[in-house]
Amino acid sequence: MKRKKVLQAEPVKTKKEGRVITVQEADEILILNMYQDRKLTDRYAMNTQTGEYEVYDPENGTWRIEKACVAATGDRYMYLYEIEAKIEYDPPGAEGLIKKKLNGGGWWGEGMHLLDNVESSYLRDKKEQKEERRLQRLRDLMDSVPGLPGDFKAWIRERNGKEYAFWDKEKKLYWCTACNGCHTAGALPGKHNEAATCPDSGKPVTIKRRTSSVEERMKVCLMQNVNEKMSVCRHFDVLVHWEKNWQNIRLSEAVRIMPQRNILKYACRIYYNQWNRDDIGCSWDRGNQGNRRTGSCYLYPGGIRECLQGTAYAVWIKVYEIMAAAGQKADYNGLMYAGTGGGRMPGLMEYLVKGRFRRMAEELSEKAWNILQWGVKCPVNMRGDTAKEVFGCDMQKVNRIRAADGGLLMVEWMQWSEQHGKKIPDETLSWLSGHKIRPQDLDGIPLSPQALMNYITRQKETTYKNMKEAQVLSQYADYLGMCRKLKKDMSDEMIYRPRELKRRHDEAVAELEKERIIEQMKENREAAEKREKELQERYPGAEENLHEIREIYQYTGEEYRVVVPEKLSEIILEGRALHHCAGSSERYFERIMNRETYIFFLRRTDAPDVPYYTLEVEPGGTIRQHRTMFDEETGIEEIRKFLRMWQQAVKKRLTHREKEAAKISAVKRQENLEELKQKNNTRVLKALMEDFMEAV
């Protein structure tokens, strides 16, 4: 904008009262002088050749970028037709000069409408130019990445290490991918999917008599230097295809992580391939609309030092070189992401790789971020100086872990064996690890690991054929818990080890339900209130927390309302009335005490005293669970609409303390979900995901 030319042009004055605009020109500059009761408030100037515009404040002597319609009224939300009705041009018809100056540009409209069209076109062009400059910088950056090493695909094939012999029925020959030759049936005896050895190359092959091709996916990472300012860690999704005597390796680059050497704000910059994994094509940007991921992969042994030297990740150079040379599969990006300093993690990873704890090294790399940043428990002691300190068990057990290539779960079982002085046979250990059963899953189980394996296996074969072993174990633990509630003789083997678990489990459920109904008939509000003092002593501060947050979360709508209970005994009565666990499980009271979650009641507005829905809510308004009678979901779609309105209302009331508590609650929620995933508790996970409503 040629500001000097605008200031040199003397404003055209007016004698009219109200909002008045006079129009003038200074060569290619169109000027609108804006008056309020004959006082000049603003001078709007537009370059009619470029569309550039600015507003000058004569009182303060300052310039700002603002549209003419806003400068004329000071209202950003007024419609253009309303603005035209509120202003007056002096002399009448002066807006004709606006049309005369701008019509040559091909724009349409008159007065403020015409100016708005020119302004919008100018802003759109500026935005497009800015975006094109950004994309060109991005293209130049991506073009600076070196090409792939000449042996990259050969290295992938070697790292994959799988070869096949495909049977040709017509020629009665095997086509071998290991030697690219043919062999007779006598040279490669065996059935479909059996292992054999190629007689020419000596490499192991898998016999394929029923299929003509095989595909397998894997991930690899390539580290390269780009220039003196940055390097790149390139993560690839790989599709390996075999058929007869031919093998093809297709690469789809997923993510480029670019470590910075002159670290100003970020240690690295991350770019994602915008195409999906199986699409042909590649374009890079910051957003991850293609949903590309890194994850556990193999690392190409070349270029590691050149890539990481001088970056925040230089601490990993030596360890990564060792891991790559050993063919170690790991989440290399996860290790980098876990912490630029690394702490004891690099040394521990080096020890595991050199000690041939391959599976453990991979699992540890996948959990590194959660361990270092969130303090998630890990059975491996990173601060240990000896093998015994690291694994928490004697060397005989450490050697068993190495021999079995055990992971973190096996370490937990070896520690359990050490603490309880009980040996776990290899078969049992393999079964426990294979079905992801952890030592804490045996809490309250009166059987040894070996006896438990035999019992669960037998129950699965007879009455729980469609369940996984971990699910059958959960049923067994549930049954034992009910027996204790029913005060049965837990020393009786017929009780703690029933022959027909499913039948006895269902009987216990029915018996508990019968007792509950009888108890409910006897109990009333007075009985619940008798427990009040006990609950107050056991969970101090819980009721005070509910009282403190009542003004934040209590809310009344046209059809529904959210009620914050005053006493813990009210939650007990609510759970009993709706027949769900909120009133019987004291973990909810503990969460209220710790401000992890709260229990609220959702009631109909016209029946505020009748239980309808129970909500488990995190600080901040995120809903973990919503349950009505017998954990059903009656009228849930209508309820969800109301809950969204409630969340928006709560958002405006949140205190700083509640916002901080919400962050902690979110972390604990993720830990709970991870534990459920490890136990393969898909039923509970599915229910939680269906109920989950994050406060936005």
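Quick note: residue numbers are just sequence positions, from 1. Side chains included, hydrogens not; waters and symmetry mates left out as well; all remaining heavy atoms used.
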message: Check this for me: does any side-chain nitrogen of one of Lys367 and Glu363 sit under 4.0 Å from a carboxylate oxygen of the other?
response: no
query: Should we count CD of Gln396 as having more than 12 external heavy atoms under 6.0 Å?
result: no
message: Taking Lys354 first and then Glu350, would you say they form a salt bridge - that is, a charged N and a carboxylate O separated by under 4.0 Å?
response: yes
Salt-bridge criterion met for Arg209 and Asp168 (N-O under 4.0 Å): no
- prompt: Given side chains that start at C-beta, do those of Tyr174 and Val205 come closer than 4.5 Å, heavy atoms only?
  reply: no
field: Flag side-chain contact, heavy atom, 4.5 Å: His192 against Trp167
entry: no
query: Considering all heavy atoms of both residues, which atom of Cys182 and which atom of Leu173 are nearest to each other, and what is their separation?
result: CB-CD1, 4.2 Å
query: How are the rings of Phe152 and Trp155 set relative to one another: parallel (under 30°), tilted (30 to 60°) or perpendicular (over 60°)?
result: parallel
task: Could you tell me whether Phe166 and Trp175 have their ring centroids closer than 6.0 angstrom?
output: no
- request: Step through the shown structure and confirm whether more than 12 heavy atoms of other residues, nucleotides or ligands are within 6.0 Å of NZ on Lys668.
  value: yes
field: Main-chain N/O of Pro498 paired with Tyr455 side-chain donor or acceptor, under 3.5 Å
entry: yes
task: Using a 4.5 Å cut-off on heavy atoms from C-beta on, say whether the side chain of Val390 contacts that of Thr386.
output: no
- prompt: Mind checking whether Tyr479 and Tyr476 have parallel, tilted or perpendicular rings, split at 30° and 60°?
  reply: parallel
message: Check this for me, if you would: do Lys397 and Asp394 make a salt bridge, where the nitrogen-to-carboxylate-oxygen distance has to be below 4.0 angstrom?
response: yes
- prompt: So, do Arg356 and Arg402 sit near enough that their side-chain heavy atoms are less than 4.5 Å apart?
  reply: yes
field: Over all atoms of both residues, closest heavy-atom pair of Asp492 and Met494
entry: OD1-N, 3.0 Å
Within 6.0 Å of CZ in Arg484, more than 12 heavy atoms from elsewhere: yes
- request: To the nearest 0.5 Å, tell me how far Arg292 CZ sits from Asn273 CG.
  value: 5.0 Å
message: For the CD1 atom of Ile401 and the CZ atom of Arg359, what is their distance to the nearest 0.5 Å?
response: 12.0 Å
query: Is Arg504 salt-bridged to Glu500, going by a charged N under 4.0 Å from an acidic O?
result: no
task: Inspect the surroundings of NZ in Lys488 and state if more than 12 heavy atoms from other residues, nucleotides or ligands are less than 6.0 Å away.
output: yes
message: So that I can tick it off, tell me whether Arg217 and Asp237 are bridged by a salt bridge, with the cut-off set at under 4.0 angstrom between side-chain N and carboxylate O.
response: no
task: To the nearest 0.5 angstrom, please state how far the NZ atom of Lys219 sits from the CG atom of Leu299.
output: 14.5 Å
- request: Measure from the side-chain N and O atoms of Gln459 to the backbone N and O of Lys502, and report whether any donor-acceptor pair falls under 3.5 Å.
  value: no
- prompt: Is the closest basic N to carboxylate O distance between Arg538 and Glu586 below 4.0 Å?
  reply: yes
- request: Taking atom CD of Gln440 as the centre, report whether more than 12 heavy atoms of other residues, nucleotides or ligands fall under 6.0 Å from it.
  value: yes
- request: Check whether the ring centres of Phe357 and Phe391 lie less than 6.0 Å apart, and answer yes or no.
  value: yes
field: N/O donor-acceptor pair under 3.5 Å between Tyr496 side chain and Leu447 backbone
entry: no
- prompt: Leu148 versus Phe236: any side-chain heavy-atom pair under 4.5 Å?
  reply: yes
- prompt: Does the Gln419 side chain pair with the main chain of Trp416, one donor and one acceptor, at a distance under 3.5 Å?
  reply: no
message: Whether the side chain of Ser213 engages the backbone of Glu243 through a donor-acceptor N/O pair (distance < 3.5 Å, no angle test) should be reported.
response: no
- request: Could you check His435 against Asn680 for side chain to side chain contact (heavy atoms under 4.5 Å, CB included), going step by step and ending with a plain yes or no?
  value: CA-CA 9 Å; His435 297 297; Asn680 201 25; over 6 Å; no
message: As an exercise, state the distance from OG of Ser417 to CE of Met410, rounded to the nearest 0.5 Å.
response: 10.0 Å
- request: Return yes if some donor-acceptor pair links the side-chain N/O of Thr457 with the main-chain N/O of Met453 below 3.5 Å, else return no.
  value: yes
message: Do Thr597 and Glu618 pair up side chain to side chain, a donor and an acceptor below 3.5 Å, judged on atom types alone?
response: no
- request: May I ask you to decide if Ile249's main-chain N or O and Arg157's side chain share a donor-acceptor pair within less than 3.5 Å?
  value: no
- request: Taking atom types as modelled, find out whether Asn333 and His235 have a side-chain donor-acceptor pair closer than 3.5 angstrom.
  value: no
Pairing of Arg624 and Glu596 as salt bridge, 4.0 angstrom limit: yes
Donor-acceptor pair, side chain of Ser231 and main chain of Cys307, under 3.5 angstrom: yes
statement: Taken to the nearest 0.5 Å, the spacing of Thr177 OG1 from Glu163 CD works out to 4.0 Å
query: Do Lys203 and Thr197 touch side chain to side chain, with heavy atoms closer than 4.5 Å?
result: no
task: Begin from the C-alpha positions of Asn160 and Glu216 and carry the test side chain to side chain donor-acceptor pair (under 3.5 Å) through to its verdict.
output: CA-CA 9 Å; Asn160 179 271; Glu216 184 174 303; 3.2 Å; yes
query: Between His241 and Trp246, does the ring centroid distance fall short of 6.0 Å?
result: yes
query: Hey, does Met345 have a side-chain heavy atom less than 4.5 Å from the side chain of Leu364?
result: yes
task: Verify, without hydrogens or angle tests, whether Lys460 (side chain) and Met467 (backbone) share a donor-acceptor contact under 3.5 angstrom.
output: yes
- request: Decide, yes or no, whether a salt bridge links Arg250 with Asp278 under the criterion of side-chain N to carboxylate O below 4.0 Å.
  value: yes
message: I want to check something: taking the side chain as every heavy atom from C-beta on, are Glu469 and Trp431 in contact at a cut-off of under 4.5 Å?
response: yes
message: Under a plain distance cut-off of 3.5 Å, with no hydrogens placed, do Lys208 and Asn193 share a side-chain donor-acceptor pair?
response: yes
- prompt: With distance as the sole test, does Thr428 use its side chain to make a donor-acceptor pair with the main-chain N or O of Pro449 at under 3.5 Å?
  reply: no
- line: Closest heavy-atom pair, Gln328 versus Tyr332, reported as atoms and distance to 0.1 Å, is O-OH, 2.6 Å
task: Answer yes or no: is there an ion pair linking Glu366 with Lys329, defined by an N-O contact shorter than 4.0 Å?
output: no
query: Can you tell me if His505 and Glu507 form a side-chain donor-acceptor pair at under 3.5 Å?
result: no
task: List the atom of Ala387, the atom of Met395, and the distance in Å for their closest heavy-atom pair.
output: CB-SD, 3.6 Å
Closest heavy-atom pair and its distance - Arg344, Gly384: NH2-O, 3.4 Å
query: Can a salt bridge be assigned to the pair Glu616 and Arg627 using a cut-off of 4.0 Å between side-chain N and carboxylate O?
result: no
query: When you look at Lys377 and Ile371, which way does the side chain to side chain contact (heavy atoms under 4.5 Å, CB included) test go after all the steps?
result: CA-CA 7 Å; Lys377 292 183 179 179; Ile371 293 170; over 6 Å; no
- prompt: What is the minimum heavy-atom distance between Tyr313 and Leu308, and which atoms define it?
  reply: O-CD1, 3.8 Å
task: Take Leu409 and Gln678, measure what side chain to side chain contact (heavy atoms under 4.5 Å, CB included) needs, and give me the verdict at the end.
output: CA-CA 10 Å; Leu409 184 53; Gln678 291 174 359; over 6 Å; no
Interatomic spacing from CG in Leu480 to CD1 in Ile445 - rounded to 0.5 Å: 5.0 Å
